[in-house]
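Just so you know, these numbers use all the heavy atoms, side chains as well, and skip hydrogens, waters and symmetry mates. Worth saying up front: this structure is predicted, and the values here are computed from it rather than measured.
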2 protein chains.
Amino acid sequence: MRDERFCNSNCPFTRAIGTIGNKWKPIIINVMGTRSIRFGQLDAIIPHISRKVLTEQLKELEEDGLLERYAYKEIPPRVEYRLSEKGLAFLPILESIKEWNLKYEVSTMPAMEA
Amino acid sequence: MRDERFCNSNCPFTRAIGTIGNKWKPIIINVMGTRSIRFGQLDAIIPHISRKVLTEQLKELEEDGLLERYAYKEIPPRVEYRLSEKGLAFLPILESIKEWNLKYEVSTMPAMEA
DNA sequence: TATTCCGGTTACCAATAGGTAACCACAAAA
DNA sequence: TTTTGTGGTTACCTATTGGTAACCGGAATA
């Protein structure tokens with residue numbers, strides 16, 4: 001899910017896209033925001049994601065230093081995820097994407113719903 | 001290559017990711033920048049992309065209003081692509097991703113190459 | 001005793017993305 | 001006559017992504 005050729009590019013922008021340039025990671029980071037959140041919550045909040053994919057994405061985000069994983073040795077297990085400094089620094093970028101979309105998106109939605 | 005479920009979300013951020021959240025589109029937009037550029041140049045400049053994928057991505061970017069396509073009725077054909085206002089407005093976001101990566105990326109590159 | 005909770009993992013299968021190579025038009029140049 | 005240049009398209013095949021459902025531990029609860 002990470003593109004190795006992109007990650008090994010000598011262009012820093014291409015490397016960034018190789019790391020976070022897929023559809024799930026920005027969504028996950030955006031949902032996390034500044035809070036600490038559990039695996040099950042992410043699974044419940046993010047539409048259409050499967051546990052398998054969520055697990056994989058979280059693992060990669062952790063490997064790339066965007067988030068931190070805290071596993072509490074309890075029964076049943078409890079695991080919390082939290083954005084790292086690097087991950088938090090990415091939030092304003094997501095915010096600007098949101099604003100960009102709101103400004104330029106051509107609305108294809110019906111004006112009203114019955 | 002566009003995720004329809006994302007594009008039909010009621011969350012503007014999710015829709016944005018559904019539109020530009022794949023690995024090729026940010027790369028293409030970044031390469032285009034403010035200039036007007038021909039298909040063959042994009043094909044030559046962007047590493048590892050195939051003409052088929054480049055064609056598809058350009059078509060989607062045009063449909064989503066990020067770029068404009070100018071086909072000159074010449075033989076041999078000449079086609080130029082240029083970012084629209086919406087596409088140009090996306091450039092600063094890509095720039096901030098670049099800066100974010102430079103600041104936080106953990107270098108796994110060797111310090112020197114023999 | 002069976003079930004629930006939680007955060008996964010695994011095996012298996014289906015859908016999608018993406019690559020390759022051939023082909024196209026048509027005019028100009030060799 | 002053949003080749004070149006340009007921006008694709010197409011058929012075909014493979015690689016990757018992603019989904020589903022079952023399973024796990026181990027204590028608490030019913």
Side-chain angles (χ1 to χ4, degrees), chain A residues 1-9 14 17-28 31-32 35-64 67-82, chain B residues 1-9 14 17-28 31-32 35-64 67-82:
Chain A
M1 282 151 159
R2 251 173 321 200
D3 190 300
E4 291 307 325
R5 283 187 314 199
F6 277 33
C7 291
N8 294 329
S9 165
T14 301
I17 296 302
T19 304
I20 46 84
N22 74 42
K23 64 178 185 179
W24 288 118
K25 285 175 187 167
I27 299 286
I28 293 171
V31 163
M32 292 184 70
R35 63 181 152 173
S36 170
I37 192 167
R38 298 179 63 170
F39 180 85
Q41 288 179 280
L42 286 169
D43 189 32
I45 293 172
I46 301 173
H48 308 304
I49 199 168
S50 69
R51 296 153 74 74
K52 179 191 165 197
V53 171
L54 180 56
T55 303
E56 289 167 350
Q57 300 292 314
L58 288 171
K59 197 172 290 176
E60 289 183 1
L61 285 170
E62 192 193 358
E63 286 170 5
D64 291 329
L67 59 79
E68 282 145 20
R69 180 178 182 276
Y70 301 90
Y72 298 89
K73 296 285 175 205
E74 304 170 357
I75 299 289
R78 179 163 63 99
V79 180
E80 305 208 331
Y81 294 91
R82 205 174 307 165
Chain B
M1 281 150 158
R2 249 173 322 200
D3 190 301
E4 291 307 325
R5 283 186 314 200
F6 276 33
C7 291
N8 294 330
S9 166
T14 302
I17 296 302
T19 304
I20 48 82
N22 74 43
K23 65 178 184 179
W24 288 118
K25 284 175 187 166
I27 299 287
I28 292 171
V31 163
M32 292 183 69
R35 64 181 152 171
S36 171
I37 192 167
R38 298 178 63 169
F39 180 85
Q41 287 180 281
L42 287 168
D43 188 34
I45 292 172
I46 301 174
H48 308 304
I49 201 169
S50 68
R51 296 152 73 75
K52 178 191 164 197
V53 172
L54 181 55
T55 303
E56 289 166 353
Q57 300 292 313
L58 288 171
K59 197 172 289 177
E60 289 183 2
L61 285 170
E62 191 193 359
E63 285 170 6
D64 291 329
L67 58 78
E68 283 146 19
R69 180 178 182 276
Y70 302 91
Y72 299 89
K73 296 285 175 206
E74 303 173 356
I75 298 291
R78 178 162 65 100
V79 180
E80 304 209 330
Y81 294 92
R82 205 174 306 165

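Considering only side-chain N and O atoms, Y81(B) lies under 4.0 angstrom from the phosphate OP1 or OP2 of dG8(D). In this structure, R51(B) does not reach the dC23(C) phosphate: none of its side-chain N or O atoms is under 4.0 Å from OP1 or OP2. Contact annotation: R5(B) reaches the phosphate of dG19(D) (side-chain N/O to OP1 or OP2, under 4.0 Å).
Rounded to whole angstrom, the span from the NZ atom of K59(A) across to the P atom of dG7(C) amounts to 15 Å. Atom CG of N22(B) and atom C1' of dG18(D) are 16 Å apart (whole Å). Between the CD atom of E80(B) and the P atom of dG8(D) there is a distance of 12 Å, rounded to whole Å. Across the protein-nucleic acid pair, I49(B) atom CD1 and dG18(C) atom P stand 9 Å apart, rounded to whole Å. Remark: P of dG18(C) and CZ of R2(B) are 14 Å apart, rounded to the nearest angstrom. Rounded to a whole Å, the CD1 atom of I75(A) is 15 Å from the C1' atom of dT29(D). Going from atom CD of E74(A) over to atom P of dG8(C) covers 13 Å, rounded to whole Å. Atom P of nucleotide dA11(D) and atom NZ of K52(B) are separated by 11 Å, given to the nearest angstrom.
Contact annotation for K23(B): backbone-only contact, meaning every heavy-atom pair under 4.0 Å involves sugar-phosphate atoms and none involves a base. Residue contacts for Y72(A): at a heavy-atom cut-off of 4.0 Å it reaches no nucleic acid atom on any strand shown.
Between R38(B) and V53(A), the residue anchored closer to the 5' end of DNA chain D is R38(B), taking for each the nucleotide with the nearest heavy atom. Residues P77(A) and P77(B) each lie close to DNA chain D; by heavy-atom proximity, the contact nearer the 5' end of the strand is made by P77(B). Positionally, the nearest nucleotide of DNA chain C for Q41(A) lies more toward the 5' end than for the other of Q41(A) and S50(B).
Here dG8(D) is the nucleotide among dG7(C), dG8(D), dG8(C) with the atom lying nearest to any side-chain atom of V79(B). The P76(B) side chain lies nearest to dG5(D) when the options are dG7(C), dG7(D), dG5(D). In the set dG7(D), dT17(D), dG19(C), the nucleotide with an atom closest to the side chain of M1(A) is dT17(D).
Annotation: side chain of M32(A) is in contact with side chain of L42(A) (closest heavy-atom distance under 4.5 Å).
Remark: side-chain polar atoms of N8(B) are paired, donor with acceptor, to backbone N or O of E4(B) under 3.5 angstrom. Between the side chain of K25(A) and the backbone N or O of T19(A), at least one donor-acceptor pair lies under 3.5 Å.
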Legend entry - Intermediate values then yes/no, side chain to side chain contact (heavy atoms under 4.5 Å, CB included), Q41(B) and V31(B): CA-CA 10 Å; Q41(B) 287 180 281; V31(B) 163; over 6 Å; no
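When each of E62(B), R38(B), R69(B) is checked for a side chain to side chain donor-acceptor pair (under 3.5 Å) with Y81(B), only R69(B) meets the rule.
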